[in-house]
Asks: 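Sending over a structure as structure tokens; questions will come in a sec.
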Amino acid sequence: MTVLSIHNLNVTFSTEGGDLHALKDVSFEVPERRIVGIVGESGCGKSTLINAILGLLADNGRVSGGEMMFQGRDLSRLSPREMTALRGPQIATVFQDPMGALNPVISVGRQMTNIQYRSGLSNAEKAERAVAMLRRVRIPDPEAALARFPHQFSGGMKQRIAIAMALMMEPALLIADEPTTALDATLEVATIELLQELQAQIGCSVLFISHHLGVIAELCEDVVVMYAGEVVERGTTRQVFNSPRHPYTERLLDCDPARQSSRTRQLPTIPGEIPDLRARPPGCIFAPRCHRRAPVCDTPPPDEAVQDGHKARCHMVTP
Amino acid sequence: MILSVRDLQVSFPVGRLMNRSAILGVAGVSFDIAAGETFALVGESGSGKTTLARAVNLLQPISAGEITFDGKRIDGLKGAATKPLRREMAMMFQDPVGSLSPRVQVRDIVTEPFRVHGVEADLRAEADRLLSLVGLSGDFANRFPHQLSGGQARRVGVARAIALNPKLIIADEPTAGLDVSVQGEVLNLLNDLRERLGLAMLIITHNLHVVHHVADRMAVMYLGRFVETGETEAIFQAPAHPYTAALLSANPEPDPDKAKDRISLPAEVPSLLARPTGCEFHTRCPWAQSRCGTEAPAAQGTDRRIACHFPLSPGARPPAVQETAS
Ligand SMILES: Nc1ncnc2c1ncn2[C@@H]1O[C@H](COP(=O)(O)OP(=O)(O)OP(=O)(O)O)[C@@H](O)[C@H]1O
Ligand SMILES: Nc1ncnc2c1ncn2[C@@H]1O[C@H](COP(=O)(O)OP(=O)(O)OP(=O)(O)O)[C@@H](O)[C@H]1O
Ligand code: SF4
Ligand code: SF4
Ligand SMILES: [Mg+2]
Ligand SMILES: [Mg+2]
């Protein structure tokens with residue numbers, strides 16, 4: 001079973017210089033009870049993808065093609081009202097800054113009971129669930145924590161509270177956009193372990209975005225690699241990290257300072273820039289920066305299957 | 001030394017009228033940065049890294065200590081007297097988009113230091129030069145902050161920081177939220193400027209892989225104090241303070257099959273309102289002994305300083321783990 005199935009999704013922003021094609025023919029699936037990671041260059045469209053799924057694209061943006069099937073319904077065809085009903089209870093989110101999810105002037109307890117307004121539970125039951133959830137995310141002394149305000153918690157604890165609130169309604173899908181970027185390494189690891197544990201208990205799926213390849217390797221079972229608004233490779237994390245097939249993925253993994261065994265001041269990079277998304281080339285989008293480019297690359301590459309579930313969008317890939 | 005900091009403290013008032021008190025965000029730290037040197041500050045979220053950086057940049061009043069920049073005492077400088085300093089010491093903030101005003105074009109953002117400091121220049125040409133230095137094409141000059149991706153916004157922040165060729169850059173999480181390639185570009189760019197202009201850098205980051213590669217020396221912060229300082233390579237080879245060891249062991253590696261050998265800590269971070277007695281890390285330290293709860297360890301050493309009664313020998317494992325293993 002898949003929880004979310006994105007098929008040929010296109011998103012366009014209208015800008016002064018013309019239409020900017022931020023997502024082009026994006027396809028991937030988030031299976032039930034699985035953690036799927038998304039990696040890719042800054043500006044490759046990860047946040048745009050999430051905003052499209054959540055129905056929160058900026059005013060100048062629109063879904064210009066494709067579908068996003070969530071529990072049998074195409075999200076791009078739902079009314080704003082239907083989307084509002086889905087966001088939270090069905091599709092929950094956690095972002096880099098936990099204060100985006102927390103109201104600074106309302107106690108944690110009030111906020112955690114407020115989000116249960118559709119549950120039909122009594123106030124006492126709601127408070128009980130809030131305490132149980134805070135205990136699950138290992139907030140010390142959870143009963144007392146209900147009366148406290150967000151600023152009275154450390155950054156790591158605020159992020160745990162944000163995760164508790166997101167998972168409170170047992171959503172089918174949790175979308176996490178760089179939730180550990182602002183945390184130190186020990187808290188980052190603790191937060192990953194926590195997410196893994198809660199995901200297993202609740203049985204939800206997770207779509208997890210991070211630039212930290214180590215975190216992706218540790219947390220995610222599947223990974224989707226994006227470049228300039230396209231999915232260039234996808235597969236299990238082992239497939240993609242251990243035997244990357246798309247040249248962009250190879251280069252990206254090579255750039256991780258964690259893979260440089262000896263100390264170096266000159267870190268590897270991928271020369272060149274993402275092309276202007278207002279004028280996409282007809283052939284392969286990575287061609288201007290690709291070390292394996294050949295004449296055939298001036299035509300659009302196929303989405304070639306490498307093996308079971310492992311695909312790369314490149315002319316040079318053979319099964 | 002381009003920067004010398006001695007016994008620096010920053011306190012914040014907390015509580016309301018009746019039970020007003022203060023917490024120490026930075027509780028007495030000392031360090032030096034030489035010209036051309038890169039010094040990294042790592043440590044727990046909330047340990048005071050940003051507060052320390054802001055204090056050094058005089059954006060945050062200090063409650064005790066001395067700051068000497070380029071041979072001159074600068075703590076206590078106020079208002080207009082701080083202006084020349086801001087040319088020489090540039091700050092790159094943690095939150096790139098938040099630190100950019102939404103209605104101002106990129107062109108004006110990167111050339112703002114010229115206007116603030118009344119430096120005559122061809123601003124159009126300077127904007128193009130700075131943008132190309134950070135790898136953005138000229139058409140970005142006309143964009144507004146909300147039209148930038150996270151990475152693009154960060155490069156704009158670097159461009160502005162280097163606009164007037166400062167002597168010291170204080171970079172708070174300069175690459176958080178960047179992909180590894182752009183992160184490499186930003187760090188190489190800063191390194192380039194360091195080599196060409198003798199730029200010194202104080203860099204704050206949670207990315208330990210980055211610290212390992214770019215920092216000459218580093219300090220590890222816990223509850224507003226330095227628990228360990230020294231040469232980066234030496235600390236990575238053999239962390240001596242238990243908190244450092246736990247922090248370095250938590251570093252996630254980009255290899256799905258890599259075995260994890262972590263020193264895990266209890267999640268509860270002590271409150272600054274009720275600092276633990278003795279060694280402030282004893283409530284979470286796997287190696288703590290009875291003496292640690294009562295007696296505060298003083299930092300020992302010169303080049304390598306460690307604030308612990310029982311510094312670790314290389315490769316030490318927490319006592320409990322050794323028991324289960326045998
Ligand atoms: N409202 C908008 N109007 C015009 N262009 C936009 C808008 N929002 C995003 N873009 C552009 O769309 C592309 C994708 O941006 P997006 O924020 O989705 O990237 P990202 O992958 O999340 O990047 P990062 O990793 O840096 O957060 C970028 O080129 C960006 O400049
Ligand atoms: N204006 C303020 N008033 C009261 N307390 C403050 C203020 N600013 C910071 N603090 C507190 O001082 C401590 C240090 O905060 P600081 O932001 O310097 O930490 P940090 O090490 O930069 O953390 P992170 O890694 O999460 O960015 C924290 O406990 C914080 O809550
Ligand atoms: S299609 Fe050609 S240019 Fe594109 S990634 Fe493959 S080899 Fe490189
Ligand atoms: S002094 Fe004791 S409690 Fe503190 S770090 Fe050292 S061993 Fe741990
Ligand atoms: Mg983003
Ligand atoms: Mg900080």
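Chain A is the first sequence line, chain B the second, and so forth, proteins listed ahead of strands; every chain is numbered from 1.
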Asks: Measuring only between side-chain heavy atoms, which start at C-beta, is A/Arg278 closer than 4.5 Å to B/Asp139?
Replies: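 Yes, close enough: below the 4.5 Å cut-off.
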
Asks: To the nearest 0.5 Å, what is the distance between NE2 on B/His213 and CD on A/Gln266?
Replies: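 The NE2 atom of B/His213 sits 12.0 Å away from the CD atom of A/Gln266.
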
Asks: Please flag which part of A/Ala190 lies under 4.5 Å from any non-hydrogen atom of chain B: side chain, backbone, both or neither.
Replies: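 A/Ala190 has no heavy atom closer than 4.5 Å to chain B.
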
Asks: Can you tell which of B/Ser47, B/Gly43, B/Ala250 has the highest number of heavy-atom pairs within less than 4.5 Å of chain A?
Replies: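 Counting heavy-atom pairs under 4.5 Å, the top option is B/Ala250.
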
Asks: In this structure, are over 12 heavy atoms from other groups packed under 6.0 Å from B/Glu195 atom CD?
Replies: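 It does: B/Glu195 CD has more than 12 such atoms within range.
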
Asks: To the closest 0.5 Å, what do you measure between CZ (B/Arg143) and CD (A/Glu16)?
Replies: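 Going from CZ on B/Arg143 over to CD on A/Glu16, the span is 10.5 Å.
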
Asks: Which pair of heavy atoms, one from A/Leu252 and one from B/Val180, lies closest together, and at what distance?
Replies: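 Smallest heavy-atom distance, with atoms named: O-CG2, 3.4 Å.
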
Asks: So which residue, B/Ser271, B/Ser137, B/Gly46, B/Gly184, ends up with the most heavy-atom pairs under 4.5 Å with chain A?
Replies: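 Of B/Ser271, B/Ser137, B/Gly46, B/Gly184, B/Gly184 has the most heavy-atom pairs under 4.5 Å with chain A.
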
Asks: If I measure from the heavy atoms of chain A, does B/Glu233 come under 4.5 Å with its side chain, its backbone, both, or neither?
Replies: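 Only the side chain of B/Glu233 comes within 4.5 Å of chain A.
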
Asks: Using a 4.5 Å cut-off on heavy atoms from C-beta on, say whether the side chain of A/Pro257 contacts that of B/His212.
Replies: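 A side-chain contact is absent here, since even the closest heavy-atom pair is not under 4.5 Å.
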
Asks: Heavy-atom distances under 4.5 Å only: say whether A/Ser262 touches chain B with side chain, backbone, both or neither.
Replies: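 When you check distances to chain B, only backbone atoms of A/Ser262 fall under 4.5 Å.
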
Asks: Nearest 0.5 Å, what's the CZ-OG distance between B/Arg155 and A/Ser42?
Replies: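 Spacing of CZ (B/Arg155) from OG (A/Ser42) equals 7.5 Å.
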
Asks: So, B/Asp179 side chain and A/His211 main chain: donor-acceptor pair closer than 3.5 Å or not?
Replies: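 Absent.
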
Asks: Can you name the nearest heavy-atom pair linking A/Phe241 to B/Pro254, along with the distance?
Replies: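 Smallest heavy-atom distance, with atoms named: CD2-O, 3.6 Å.
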
Asks: Examine whether an atom of A/Asn242 lies under 4.5 Å from a heavy atom of chain B, and if so say whether it belongs to the side chain, the backbone or both; otherwise answer neither.
Replies: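 Contact with chain B: side chain only.
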
Asks: Between A/Thr15, A/Leu20, A/Asp97, A/Ile270, which has the largest tally of heavy atom pairs under 4.5 Å with chain B?
Replies: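 Highest number of heavy-atom pairs under 4.5 Å: A/Ile270.
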
Asks: Counting heavy-atom pairs under 4.5 Å to chain B, which of A/Leu183, A/Thr237, A/Val215 comes out on top?
Replies: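 Among the listed options, the one with the most contacts to chain B is A/Leu183.
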
Asks: Between A/Thr269 and B/Ser181 (side chain of the first, backbone of the second, donor and acceptor by atom type, cut-off under 3.5 Å), is there such a pair?
Replies: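 No, the answer is negative, given that no donor and acceptor are paired below the 3.5 Å cut-off.
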
Asks: Which atoms form the tightest heavy-atom contact between B/Glu185 and A/Gly272, and what is the distance?
Replies: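 Between these two residues, the closest heavy atoms are OE2-O, 4.3 Å.
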
Asks: Has A/Asp184 got a side-chain atom pairing as donor or acceptor with B/His206's backbone, closer than 3.5 angstrom?
Replies: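 No.
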
Asks: Does a salt bridge link B/Asp255 with A/Arg238, judged by any charged N lying under 4.0 Å from a carboxylate O?
Replies: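 No, this pair does not count.
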
Asks: Measure distances from A/Glu188 to the heavy atoms of chain B and classify the residue's part below 4.5 Å as side chain, backbone, both or neither.
Replies: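 It is the side chain, since no backbone atom gets that close.
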
Asks: Is a salt bridge present between B/Asp216 and A/Arg265, judged by a nitrogen-to-oxygen distance below 4.0 Å?
Replies: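 The answer is yes: the pair qualifies as a salt bridge.
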
Asks: Can you tell me if CG on B/Asp257 sees more than 12 non-hydrogen neighbours from other groups inside 6.0 Å?
Replies: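 Check passes, neighbour count above 12.
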
Asks: Counting only heavy atoms closer than 4.5 Å, note whether B/Leu187 contacts chain A via side chain, backbone, both or neither.
Replies: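 The side chain, not the backbone.
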
Asks: Just checking, is any N or O donor in the side chain of B/Thr232 or A/Arg263 under 3.5 Å from an acceptor N or O on the other one?
Replies: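 On atom types as modelled, these side chains do not qualify, holding no pair under 3.5 Å.
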
Asks: Between B/Asp192, B/Asn251, B/Asn191, who has the most heavy-atom pairs with chain A when the cutoff is under 4.5 Å?
Replies: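 Ranked by contacts with chain A, first place is B/Asn191.
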
